[in-house]
**Q** 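The structure follows.
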Amino acid sequence: MTEERLRRWRLLLGPSAEDVAQLGDDDQRRDGALTGLYGGGSDRGAGLGASSPQLHRWLGDVRKYFPTSVVQVMQRDAVEKLGLRQLLLEPELLQSVEPDVNLVSTLLQLSRAIPARTRDTAKAVVRKVVEDIEKRLKDRLVEAVRGAVDRSRRTRRPQLQDVDWATTIKANLKNYQPQHKTVIVEDLIGHRRRSRTAAMRDVILLVDQSGSMAESLVHAAVLGSALASIRSVSTRLVVFDTEVADLTDQLSDPVDLLFSAQLGGGTDINRAVAYAQTQVRRPTDTVIVIISDLYEGGSEAELQRRVRELVASGVTVVNLLALSDSGTPAYDHELAAKLSALGAPAFACTPDKFPELLAAALRKDDLTQWAESEGIATGR
């Protein structure tokens, strides 16, 4: 067995396998970081203790000796396995943590318990993750939504300043005159002019803020904020558990919005959908996205009745069982199937797919066919 393989086995097995290989200084620090969290042999269960200096050293070693993806897993294990929530409640420790969506989810669940001295640091951690998500998704979302909305407003009698010249030239290439080296334009294609204040589509995001939906809430806040920047779309973001809170006026700052949410508690989807019904002004131009695992604590019969009414009136209703990168979520399969049968399909959607999904909904495409073409699982 090669020396490198022996070294790896020694790190995997822990201090109880000291005779397998000798570790250098860096590997001893790696081994110490792993043992502090996961134990090893007779040392198993020793843990990190409650000492802040010890935790601070451990966090520093983890960041130094392991790649970011591993750091995030170890931090999450430290919070869940060893109950080290104090590392999220002390600013010095929090500054040492590698930010990710899971950490943000934990911070939001602890937000009511975070002391004043740590709150600014916690917000800085959340803001970094929010900005990372924005960099990854905002431009794609804006482009996809604008394209979907504008496509539905094409006209063949545009004013000169509204002509889409690229599309117009392509449509008239059949009229190319070789002798004159020019295209004779018979049909002008452009966009209908709209008032500066009139939105062309309404999007209502209903986001379940029960604890299991924390990661979805983070992504929904960022995507909702991006949507709010598009003048052709009127965006409303509503969070719910057994109560309903309209946070639309906070879409300009998704970090403040997230700290206004209150993760945990029960779930009353029917109550949230009832509120959404009151906000529908133009049914055929409205998309309602319910982001929930569909474990209904309210009236399931009333929820189905409301969804049936919304769909019949022309509203596009979509159920997202999760808006996260965590894979296929746990959800109520029976209710998902019932809502799908009513014309409100259910999907497990990653944030990267959301721009295209929303664009398809705004175009009123067949969403089930779209999901199948994209390899997205439907909740049936």
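Quick note: residue numbers are just sequence positions, from 1. As a basis for the values below, the full set of heavy atoms in this structure was taken, side chains included, without hydrogen atoms, waters or symmetry mates.
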**Q** Kindly check if the number of other-residue, nucleotide or ligand heavy atoms within 6.0 Å of CD (E309) is above 12?
**A**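 It does: E309 CD has more than 12 such atoms within range.
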**Q** Under 3.5 Å, side chain of E215 to main-chain N/O of N102, donor-acceptor pair present?
**A**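 Not a single qualifying donor-acceptor pair exists.
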**Q** Assess whether side-chain contact (heavy atoms from CB on, under 4.5 Å) is satisfied between L258 and V222, documenting all intermediate values.
**A** CA-CA 9 Å; L258 286 169; V222 177; 5.6 Å; no
**Q** Begin with the C-alpha distance, continue with both residues' side-chain angles, and end with the deciding distance and a verdict on side-chain contact (heavy atoms from CB on, under 4.5 Å) for F347 and L357.
**A** CA-CA 10 Å; F347 309 101; L357 172 62; 4.2 Å; yes
**Q** Hey, are S260 and Q250 close enough side-chain-wise for a donor-acceptor pair under 3.5 Å?
**A**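 On atom types as modelled, these side chains qualify, holding a pair under 3.5 Å.
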**Q** Before accepting this row, confirm whether a basic side-chain N of the pair D132/R127 lies closer than 4.0 Å to the acidic partner's carboxylate O.
**A**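 Looking at R127 together with D132, the answer is no, because their closest N to O distance does not fall below 4.0 Å.
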**Q** Determine whether the side chains of S210 and D208 contain a donor N or O and an acceptor N or O closer than 3.5 Å.
**A**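 Side-chain D/A pair, S210 to D208: present.
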**Q** Testing the basics here: between C349 and F354, what is the closest heavy-atom pair and its distance to 0.1 Å?
**A** SG-N, 3.7 Å
**Q** Y295, L335: one ILVMFWY side-chain cluster at the under-4.5 Å cut-off?
**A**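 Different clusters.
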**Q** Shortest non-hydrogen contact from T235 to G224?
**A**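 Closest heavy-atom pair between T235 and G224: CG2-O, 3.9 Å.
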**Q** May I ask you to decide whether K135 forms a salt bridge with E131, counting only side-chain N to carboxylate O separations under 4.0 Å?
**A**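 The answer is no: the pair does not qualify as a salt bridge.
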**Q** Would you say the side-chain atoms of Y331 pair up with the backbone N or O of A336, donor to acceptor, closer than 3.5 Å?
**A** no
**Q** Which atom names give the shortest non-hydrogen contact between V207 and A220, and what distance separates them?
**A** CG2-CB, 3.8 Å
**Q** In terms of side-chain geometry, is the basic nitrogen of R281 or D202 positioned less than 4.0 Å from the acidic oxygen of its partner?
**A**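 Salt bridge flag = yes for D202 with R281.
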**Q** Would you call E302-R305 a salt bridge at under 4.0 Å N-O?
**A** yes
**Q** Donor-acceptor pair, distance only, cut-off 3.5 Å: does the side chain of T248 make one with the backbone of L237?
**A**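 Confirmed, T248 side chain pairs with L237 backbone.
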